[in-house]
Each structure stands twice: as structure tokens, then as C-alpha cells.
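Presented below is the structure to which this report refers.
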Amino acid sequence: MTQSILIVDDDPAQRRILEEVVNRDGYRAVSVDGGEAALARLEGPAGAEISLVILDLVMPGVDGMEVLKRLQPTRPNLPVIVLTAHGGIETVVNVMREGATDFVIKPVSPERLHVSMRNALKVNALTGEISRLQKKQSGHLTFSDLIARSPGMEQVIRLGKRAAQSNIPILIDGESGVGKEMIASAIQGESDRAGKPFVTVNCGAIPENLVESILFGHEKGAFTGASDKHAGKFQEASGGTLFLDEIGELPLDMQVKLLRALQQGEVDPVGSKKPVKVDIRLISATNRDLLQMVKEGRFREDLYYRLNVFPIHVPPLRSRREDIPELVAHFIRRLAAEEGKPVVGISRDALSMLCAFDWPGNVRQVENTVFRAIVLCDGDMLDVSDFPQIASLVEGYAGAAMPTAAAAPRQMAPAPFPAERYEAPAREQRNTLAEFARSNFSDGIAVTDAAGNVRKLEDIEAEMIRLAIEKYKGHMTEVARRLGIGRSTLYRKVRDLGLEVREE
């Protein structure tokens, strides 16, 4: 789904202008007349869909300042851009003090508003990610913080919420990368142990000779190298939750000691003369078939039934493709902000390709793939060619895996999910510019220099833009349309090239 931006203004003409700017940037514009209607919308069921508010300051009845004051307690993280005809210092200080993210002076410049919207949404994405990390770190992550809206995850969430109401041992199974640890964190966050320690142990990453020491602890001098006393993961998690990931990798001799610790509620640190009582909530996870391992004698049957009291199966991503668009959008917002890249969305073709892929590495693979694409991307929209490895594996997209300079520009529609403003990718813009040059300035632009060498693409592009501006007498909307690029892109190129524009 597209991110929704609420426009609040009592002037119908101003609302139409703002709607055009918002819709052109690929967002969904929702307009209301006045502050009272805005509060009703934001406080109603549809209010959760609003990602940003563009708010006029001076309105009859409930004005912009009153809207800000009433929004702050209920939606403190909702970004608000204030429109004002009075840009005095006092006005700016007051609106920012009431929680506004930015302010724009009327009459509204589309380019200025575009930058403000993009920055506000980017900061909000990072703020949301930081909040999620803080919740996970503090043990307060809940199921509402997860991206799991597909029908395939409804059963997982329902079982997780039910399990959180007791201390029953839970076994989460699913392929690697499906998010088993996030499910475990959400169970902890919705239980009475929320805020208590959440200790994670990857059983497959511990050397065999250190498993006992790491899990149960050791006394000083218990073995060579034990220079200090170590509490162990069980004692660290006491009062909270112990998450044993990849439990199937645990050696058989340690399985016996783990079973005793679970049954007795106490652990025996290496070298200790007496056991230590622990109070833990145990959640285990595996990507292997433990029952088959039991049949093969590689996993203790008694431990299996001790762990598998409340099983939760997390389906692979290919079985819940409805989550892919929102996951991709989430990773684009977060990673683009972290990397300082101007990427704000993904083309419709690229999104369709990602939804068609099976994702054997599941959510973890999606994150790494989007990360790589953002690093590769030169424009502000991810395209099929930014995912060469995926394109080569999906039928119908292999030809786009390695784009060529002669490739014809493609028509693309906005992607149907958050943060997707469409403009042609940079390489397509160059193709469009080249076609424009051939049809309009075939005799006016030289492609080689005096020595016969091919000129730099940047020099040819700069000359082409300059000639287009002269031909259409500085009408930038017409220039952008004729060149086949977005107006904001044209202004950016003009600024970067140091061109002077005088609109007639």
C-alpha cells in the first residue's frame, strides 16, 4: 500500500495544489477541510494509515497550533509539516516547540515541499527502527511491531499471544531467516516478563568444549584458562527469557544436562560444589526436523518432548508473499537512510520480480538483497537492473539483469506500497535525453571533441539541457516533459551543472 499524506487546509484551491504535489511524488493524498476534520480523521480507525501531515497554520475554528497540541499526546511520532504565510522566528519556534517536523513558507514551492516530505518520512523511518531496536533491547517488543500482516502469519501471532500468557516451554520451528528470534522477542514483550532479561544463545555457534561453560557457567580455576568466575547464560536470563536458537545443534552430552536443568530449575556450574537455582522462561528454535533426529538417535527423545510442549511453526516467506512488499519498503526506508542514499521506492517491475522469487534465505535474504540494491542504485528508485542476481533467477527478467546502454526506456508505474515515488532511473533518463538530442539538436551537439575523442556524457548532457532550456524559453515544466525526466530531477541537474535559468 502507498503511504498516505494528510493535507489539512481550509482553502480548496490550496488543497488541490498540495494534492497534485503529493500525488506526483507517488504518495496518496488525503485532504480534509480544517483542523476539526483533521483530528477526527487522525483519531478515527483510518488514522493509523496516515504517515505524514501537511498542516496549514491559520484556519478558522481549530487552527494548526491547536491540532499540533492535541496530536502530541496521542501521535508523538507522526511527522507534521506546517504551512505558514508568516515565517517569523517566533512562529517557527512555536510550531517546532509543539512538535512540528518542518515548516514551509507559502506560496508552496513543489521542490521545497518534496524535499521536506522525503526528509520527514526518512527521519520517521529511522526513528521507528530505533524504537523497534530499543524495544527489542529492553524486552518490550510486541507483535504489533513486527511486519507480519499476511494470513500465513495470523496463526503464528495468535499462538504467540496465547503462549505469552503463561510460562509454558515453546519450540519455534521454521527455515533459517524467517524471523524466529523476532517471534520469541515478541512473546517475551507481551508476557509478564516484559522488560526482564532476554538472553539469546546460538547453540550451533558454540565450540563443543565450551558449551557447558557458556550455558551453565564455571567457577574460577575450574579448568585451564578459567581465570574468573562466569555466571553462564542460564543465570544471566534468570527472571527473564532464555532463547536457545538452533537447539538441534546441541551435542548429546549437553542435551542430558540441559534436560536436568529444565526439570530441576537449577544448573551446575563447572567446578561448583552446589547447584544454582534459576527462574527462566525457555523458548527454543530450530530449522531442522527434530523428530527425525530423534528417530536417528541424534536428539534425545525425552528432551524433545520437554521442549516441544507448545510448538509454533513460522512459514517461509514464499508461503506468505503478501508480506514481501511491506518488508521491501521497510528495508528501503531504513537502509537508504542509514546509507545516506536518496532511494525512496522501487519500480513496479522490480517489485513484481521480488514477489515472484522464492527467497530460500527468507527475510534475512530480502534485507541483504535490498541493501545491495541500494548500494548499486544511482537514482532514487530501485529498478530490476539493481537486482541482477535475482533477475537472473526469475523467469522473464534475465534480460534485465545486465542492462545495456542501448536499452530502450521502459514505462513504469508506482510500486503499490510505502515510500514509492516514481521517476525514471538515471540510466533511462540518459537514454531519453539521447533520443531528445537526436530529434531536436542533431546538428547542435557534437559527440566528439576536436581531437576526435568521444566527449564526456556529463558535458553532452549539460549542453543538451542548456539547449532545451533555451528552446522552450525557460519553461521548466515543458523542458522536463520534453526531456522525459521529472521536474525535481531537472532542477537538481541544473543546480549540479551550475546552469542559470531565467524563466520567461
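This chain uses plain numbering: 1 for the first residue, then up along the sequence. All values derive from a computational prediction rather than experimental measurement.
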CD1-CD distance between Ile312 and Gln155, expressed to the nearest 0.5 angstrom: 9.0 Å
Distance-only donor-acceptor check, side chains Arg281 and Ser191, under 3.5 Å: no
Expected output: side-chain Ser238 to main-chain Asp279 donor-acceptor under 3.5 Å: yes
Result of checking Val343, Leu354, Val328 against Leu382 for side-chain contact (heavy atoms from CB on, under 4.5 Å): Val343
Lys/Arg-Asp/Glu bridge criterion (N-O < 4.0 Å) met for Arg288, Glu246: no
Point-to-point distance, once rounded to the nearest 0.5 Å, from CD of Glu219 to NE2 of His230: 11.5 Å
Whether Phe223 and His218 hold their rings parallel, tilted or perpendicular, with breakpoints at 30° and 60°: perpendicular
Basic-acidic side-chain contact under 4.0 Å: Glu154, Arg158: no
Arg298 atom CZ, over 12 foreign heavy atoms within 6.0 Å: yes
Exceeds 12 heavy-atom contacts within 6.0 angstrom, atom CD of Glu208: no
Straight-line distance of Ser150 OG to Leu327 CG, nearest 0.5 Å: 9.0 Å
Derivation and outcome, side-chain contact (heavy atoms from CB on, under 4.5 Å), residues Leu303 and Leu262: CA-CA 9 Å; Leu303 178 59; Leu262 298 178; 4.2 Å; yes
Check: Thr241/Gln188 side-chain N/O donor and acceptor closer than 3.5 Å: yes
Donor-acceptor contact below 3.5 Å, side chain Arg149 vs main chain Asp323: no
Validation row, ring centre Phe234 to ring centre Phe216 under 6.0 Å: yes
Interatomic spacing from CD in Glu249 to CE in Met254 - rounded to 0.5 Å: 15.5 Å
